Participant: 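Dumping the structure here so I can ask a few things about it.
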Amino acid sequence: MNLRRATVADLMDMQNCNLHNLPENYQMKYYLYHGLTWPQVSFVAEDHKGRIVGYILAKMDEEPTEEAHGHVTSISVLRNYRRLGLANKLMQLSQQAMKTTYGAAYVSLHVRKTNRAALALYKDTLGFEVVKIEKSYCAFDAYSMQLNLK
Ligand code: ACO
């Protein structure tokens with residue numbers, strides 16, 4: 001398994017992975033926006049044949065405030081490749097890049113309240129905290145979570 005920074009050439013495969021794994025889907029122009037604007041903070045996991053089996057699509061805050069912060073738009077790993085530590089590694093690579101490239105003070109994300117696997121990853125493995133409950137985020141109740149990167 002190889003983990004590396006995502007390129008524009010990977011975006012179709014990342015979208016494909018997203019369509020298989022999540023109800024929150026995005027148009028290709030949104031992937032391109034991420035890839036062209038903040039190329040340092042999105043990563044992919046590929047198998048031995050170079051097929052994308054997981055990704056993290058991330059960005060930086062669009063209206064810079066006093067503290068720069070990153071945001072994870074979407075992360076997923078194909079079913080057959082789960083529980084191998086890939087999401088954990090993808091998150092850490094992105095967090096590190098947010099910190100070193102942009103001086104991010106923290107990283108944020110939204111996760112559905114019912115998504116047990118992702119909640120365990122964020123809370124128990126990575127140390128994120130819930131900062132807000134968002135009613136009807138993408139049609140679901142969600143937690144707004146943050147992790148301090150300082
Ligand atoms: N049940 C409970 N805890 C879990 C589970 C699970 N099914 N999966 C992961 N975890 C937790 C565990 O604490 C795990 O550590 P452990 O294996 O040592 O016990 C830790 O997370 C790290 O697991 P990874 O192996 O790194 O996670 P994985 O590569 O399997 O990916 C993910 C986790 C991304 C949530 C995967 O299950 C997935 O793709 N799900 C569907 C898509 C999804 O829900 N994405 C997140 C949406 S929110 C957003 O995108 C911001």
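Counting starts at 1 for both ligands and their atoms, in listed order. Every value quoted in this text rests on a predicted model; they were computed, and no experiment measured them.
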Participant: Can you see whether Tyr55 engages Asn18 through a side-chain donor-acceptor pair at a distance of less than 3.5 angstrom?
Facilitator: yes
Participant: Whether the side chain of Arg82 engages the backbone of Val77 through a donor-acceptor N/O pair (distance < 3.5 Å, no angle test) should be reported.
Facilitator: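 Yes; at least one donor-acceptor contact below 3.5 Å.
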Participant: Which is it for Glu134 and Arg112 under the salt bridge (charged side-chain N to carboxylate O under 4.0 Å, His left out) test, yes or no, and what are the steps along the way?
Facilitator: CA-CA 9 Å; Glu134 308 248 0; Arg112 272 173 287 130; over 6 Å; no
Participant: Regarding ligand 1, does Asn88 bring an N or O atom to under 3.5 Å of one of the ligand's N or O atoms?
Facilitator: yes
Participant: Find the distance between NZ (Lys29) and NE2 (His34) and round it off to the nearest 0.5 Å.
Facilitator: 13.5 Å
Participant: Have a look at ligand 1 and work out which part of Asn115, if any, has a heavy atom under 4.0 Å from it: side chain, backbone, both or neither.
Facilitator: side chain
Participant: Does ligand 1 have a heavy atom under 4.0 Å from the side chain of Leu22, from its backbone, from both, or from neither?
Facilitator: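 It is the side chain that gets close, since no backbone atom is under 4.0 Å.
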Participant: Looking only at protein heavy atoms, identify the closest one to atom 50 (O) of ligand 1 and say how far it is in Å.
Facilitator: Ile75 N, 3.1 Å
Participant: I want to confirm something. Looking only at heavy atoms, which of Arg82, Arg83, Met91 is nearest to atom 4 (C) of ligand 1?
Facilitator: Arg83
Participant: Do any N/O atoms on Arg116 end up under 3.5 angstrom from N/O atoms on ligand 1?
Facilitator: no
Participant: Counting only heavy atoms closer than 4.0 Å, does ligand 1 sit against the backbone of His110, its side chain, both, or neither?
Facilitator: backbone
Participant: Show the atoms of ligand 1 that are less than 4.0 angstrom away from any heavy atom in Ser76.
Facilitator: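 That gives atoms 39 (O), 42 (C) of ligand 1.
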Participant: Heavy-atom distances under 4.0 Å decide this one: backbone, side chain, both or neither, for Tyr55 against ligand 1?
Facilitator: neither
Participant: Does Leu78 approach ligand 1 within less than 4.0 angstrom via side chain, backbone, both or neither, non-hydrogen atoms only?
Facilitator: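 It is neither part, as no heavy atom is under 4.0 Å.
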Participant: Any N/O of Leu109 closer than 3.5 Å to an N/O of ligand 1?
Facilitator: no
Participant: List the closest protein heavy-atom neighbour of atom 3 (N) of ligand 1: residue, atom name, distance to the nearest 0.1 Å.
Facilitator: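 Here the nearest protein heavy atom works out to Ala120 CB, 3.4 Å.
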Participant: Angle between ring planes, His69 versus Tyr106, binned at 30° and 60°: parallel, tilted or perpendicular?
Facilitator: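 Parallel: the ring planes of His69 and Tyr106 meet at under 30°.
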Participant: side-chain contact (heavy atoms from CB on, under 4.5 Å) for Ile133 and Ser144? Distances and angles first, verdict last.
Facilitator: CA-CA 6 Å; Ile133 295 175; Ser144 170; over 6 Å; no
Participant: Are Gln15 and Tyr30 close enough that a side-chain donor and a side-chain acceptor fall under 3.5 Å?
Facilitator: no
Participant: Taking atom CD of Glu46 and atom CZ of Arg51, what is their separation to the nearest 0.5 Å?
Facilitator: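 If we round to the nearest 0.5 Å, Glu46:CD and Arg51:CZ are 11.0 Å apart.
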Participant: Can you find an N/O atom of Val72 closer than 3.5 Å to an N/O atom of ligand 1?
Facilitator: no
Participant: Taking the side chain as everything from C-beta on, heavy atoms only, tell me whether Trp38 gets closer than 4.5 Å to Tyr102.
Facilitator: yes
Participant: Distance to 0.1 Å, residue and atom name: give those for the protein heavy atom nearest to atom 39 (O) of ligand 1.
Facilitator: Val77 N, 2.8 Å
Participant: Would you mind finding which of Ala87, Ala117, Ser108 brings a heavy atom closest to atom 27 (O) of ligand 1?
Facilitator: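 Shortest heavy-atom distance from atom 27 (O) of ligand 1: Ala87.
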Participant: Spell out, as yes or no, whether a donor-acceptor pair under 3.5 Å connects the side chain of Asp13 to the backbone of Asp10.
Facilitator: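 No, the answer is negative, given that no donor and acceptor are paired below the 3.5 Å cut-off.
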Participant: Can you find a protein heavy atom under 4.0 Å from atom 37 (O) of ligand 1?
Facilitator: yes
